[in-house]
Amino acid sequence: MTNSISTRLVVLGSGPAGYTAAIYAARAGLNPIVIQGIQPGGQLTTTTDVENYPGFRDVIQGPWLMEEMQAQAEHVGTKIVWDHITSVDLSRRPFRLTGDGGAQYFADSLVIATGAQAKWLNLPSEEHMKGRGASACATCDGFFYRGKKVAVIGGGNTAVEEALYMTNHSHEVTLIHRRDSLRAEKILQDRLFANPNINVIWDSEVVEFVGGGDPDALIGLDIRNKRTGEVGRVEVEGAFVAIGHSPATELFAGQLDLDGEGYIKVENGTTRTSIPGVFACGDVMDKIYRQAVTAAGTGCMAALDAEKYLAAQEYEAIAAE
Ligand SMILES: Cc1cc2nc3c(=O)[nH]c(=O)nc-3n(C[C@H](O)[C@H](O)[C@H](O)COP(=O)(O)OP(=O)(O)OC[C@H]3O[C@@H](n4cnc5c(N)ncnc54)[C@H](O)[C@@H]3O)c2cc1C
C-alpha cells in the first residue's frame with residue numbers, strides 16, 4: 001500500500017535552511033515534516049572544517065553540525081522522513097508531493113529548502129583533492145589558505161569576486177580562465193585588473209589537480225593553454241572552482257516563478273514565492289551569500305512566513321463559517 005501523509009507544513013530539504021525552518025515551525029506548533037532528500041544534512045555534510053558558524057569558538061565539523069541541527073529539530077517535535085521528492089503539484093490545495101517510492105504528501109503549506117550544488121570541473125584528481133586544497137567556496141574556506149598561493153578558476157562574477165576576496169588572505173592569487181576575456185561585470189573587472197595581487201592566466205583550462213606530501217595536499221594545477229596546447233604547472237596550495245551553481249529547482253519549473261538562472265524568486269524581504277502558501281529559503285533562492293548561517297536565517301523567515309499564512313487561512317475559514 002502506498003503511504004500517504006497529510007500535514008500543515010512540509011519542509012523540503014534538510015540543510016541548514018530546512019532544519020532551521022523546521023525548528024521554528026515545530027516551536028510554533030505546526031508539527032512540520034522534513035523530507036530529507038538524497039543528501040540528509042545538505043551541502044555541509046560534504047565538508048570537514050567549519051569555522052564561521054556562530055556559537056562555536058573551536059573549528060567544528062560540517063557533518064556534526066548538521067547532526068546537531070537534525071537532533072534539535074526532532075527534539076522540538078519535527079517528524080523527519082527519508083525520501084526524495086520526484087514530483088510536486090502546486091496547482092491544487094493541499095499541495096501534493098510524490099516521493100521516490102510513490103509515497104504521497106499533502107501539505108497546506110510548503111517550505112522549499114532544496115539548496116544548490118556547486119558546479120565542479122569533474123576531473124578525478126579534483127574529486128580526490130576536495131578538502132585537501134580544492135574548494136568551491138572562497139568565503140567558506142579562504143581563511144584556511146592565508147599567506148598561501150591560491151588560484152581561482154572561472155571568468156564570471158563569482159570567480160572575480162572570489163579572486164578579489166582571496167586577496168584578503170593571499171598576496172598571490174591567480175585567476176585561470178579558459179577564454180581571452182571575462183564575463184564578469186565591468187566594475188568587477190576594473191577592480192580585478194587594478195589589484196596588484198591578482199594575476200590572470202588566459203585561454204587556459206585545468207587538466208589536473210596535483211597533490212603531494214604526507215598527508216596528501218594540493219601543490220599545484222596543471223593547465224593547458226587552449227591556443228598552443230602547451231601544458232604547464234601553476235604552484236598553488238588552494239584552488240577555488242568558481243564556475244557557477246545549479247539550484248535544485250527542476251521540480252518547480254513551470255509552477256513557480258524562477259529567475260534566469262533557475263533560482264526561486266521571492267518577494268523582496270520575505271520568503272514568499274509566486275504561489276501563496278509556498279515559501280523558499282536558503283541557497284535555492286539566494287545566489288549571492290550562499291552560507292550556512294544565511295540559509296539558516298532565511299529558514300527562520302520561511303517558518304515565520306508560513307506560520308502567518310496558516311494562521312490567516314484558519315482565520316478566514318472560521319470567518320466564513
Ligand atoms: C564544500 C562546501 C563547504 C562549505 N563550507 C561552508 C562553511 O564553512 N560555512 C558556511 O557557512 N557555508 C559553507 N558552505 C555553504 C553551505 O553549505 C550552504 O550555503 C548551505 O548548506 C545551504 O543550505 P540549504 O539548506 O539552503 O541547502 P543545502 O545544504 O544544499 O541542502 C539542500 C537539501 O535539499 C535536499 N533536497 C534537494 N532536492 C530534493 C528533493 N527533490 N527531495 C527532497 N529533498 C531534496 C537535499 O537532500 C538537502 O538535504 C559550504 C558548501 C560546500 C559545498
Side-chain angles (χ1 to χ4, degrees), residues 10-23 33-56 59-67 69-70 73 80-88 97-101 103 105 110-120 126-127 129-144 162 238-242 245-253 262-264 266 271 279-303:
V10 162
V11 176
L12 190 57
S14 57
Y19 282 145
T20 306
I23 291 165
I33 290 177
V34 167
I35 302 176
Q36 287 185 305
I38 48 175
Q39 192 177 55
Q43 294 172 60
L44 272 192
T45 60
T46 67
T47 190
T48 52
D49 294 354
V50 175
E51 217 176 34
N52 54 11
Y53 198 82
F56 305 95
V59 176
I60 54 169
Q61 299 299 297
W64 174 84
L65 178 62
M66 297 318 300
E67 278 168 25
M69 283 195 202
Q70 176 175 343
I80 310 276
V81 177
W82 190 87
D83 201 350
H84 177 74
I85 297 302
T86 52
S87 70
V88 296
L97 296 86
T98 306
D100 211 14
Y105 305 88
L110 173 66
V111 168
I112 300 170
T114 47
Q117 296 291 327
K119 291 181 191 162
W120 293 87
E126 171 194 62
E127 185 61 34
M129 281 297 148
K130 283 182 188 171
R132 298 181 169 102
S135 169
C137 178
T139 317
C140 312
D141 297 332
F143 189 70
F144 299 122
E162 299 229 321
F240 297 91
V241 179
H245 285 76
S246 308
T249 52
E250 309 79 32
L251 286 175
F252 313 107
Y263 288 84
I264 296 177
V266 293
T271 62
F279 306 90
C281 53
D283 284 12
V284 76
M285 49 71 90
D286 165 25
K287 57 184 170 198
I288 299 173
Y289 303 106
R290 289 194 289 249
Q291 293 295 292
V293 69
T294 48
T298 53
C300 159
M301 290 165 64

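Whatever order the structure lists ligands and atoms in, that order sets their numbers, starting from 1. We use all heavy atoms of the structure for the numbers below, so side chains are in, but hydrogens, waters and symmetry mates are not.
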Quick test of your reading of the structure: of L251, I85, V11, I38, whose heavy atom lies closest to atom 42 (N) of ligand 1? I85

Would you mind telling me if ligand 1 is within reach of the side chain of L12, the backbone, both or neither, using heavy atoms under 4.0 Å? side chain

For atom 39 (C) of ligand 1, find the nearest protein heavy atom and state the residue, atom name and distance (0.1 Å precision). T114 CG2, 3.8 Å

Quick one: does E51 get an N or O within less than 3.5 Å of an N or O on ligand 1? no

Is it the side chain, the backbone, both or neither of L44 that has a heavy atom closer than 4.0 Å to ligand 1? both

Taking a cutoff of less than 4.0 Å between a non-hydrogen atom of the residue and any ligand atom, is C137 in contact with ligand 1? no

Would A292 count as being in polar contact with ligand 1, using the rule that some N or O on each side must be under 3.5 angstrom apart? yes

Counting heavy atoms under 4.0 Å, the part of K130 that contacts ligand 1 is neither

Between A118 and ligand 1, which residue portion shows a heavy-atom distance shorter than 4.0 Å: side chain, backbone, both, or neither? neither

N or O contact, Q36 vs ligand 1, cut-off under 3.5 Å: yes

Does any N or O of ligand 1 fall below 3.5 Å from an N or O anywhere on Q117, backbone included? no

For N52, the ligand 1 atoms with a heavy-atom partner under 4.0 Å come out as 7 (C), 8 (O), 9 (N), 10 (C), 11 (O)

N/O of D141 under 3.5 Å from N/O of ligand 1, yes or no? no

Protein contact of atom 5 (N) of ligand 1 - nearest heavy atom, named by residue and atom, plus distance: C140 CB, 3.2 Å

Enumerate the atoms of ligand 1 whose separation from the nearest heavy atom of T47 is less than 4.0 angstrom. 1 (C), 2 (C), 3 (C)

V50 to ligand 1: N or O pair under 3.5 Å? no

Return a yes/no value for Q43: is any of its N or O atoms, backbone included, closer than 3.5 angstrom to an N or O of ligand 1? yes

Among G99, A113, A136, G37, the residue with a heavy atom nearest to atom 33 (C) of ligand 1 is A113

Nitrogen or oxygen of Q291 less than 3.5 angstrom from that of ligand 1: yes

Say whether T46, considering both its backbone and side-chain N or O atoms, lies within less than 3.5 Å of an N or O atom on ligand 1. no

If you have a sec, work out which protein heavy atom is nearest atom 23 (O) of ligand 1 and how many Å separate them, to one decimal? P16 CD, 3.3 Å

Is there a donor-acceptor pair closer than 3.5 Å between any side-chain N or O of T249 and the backbone N or O of G262? yes

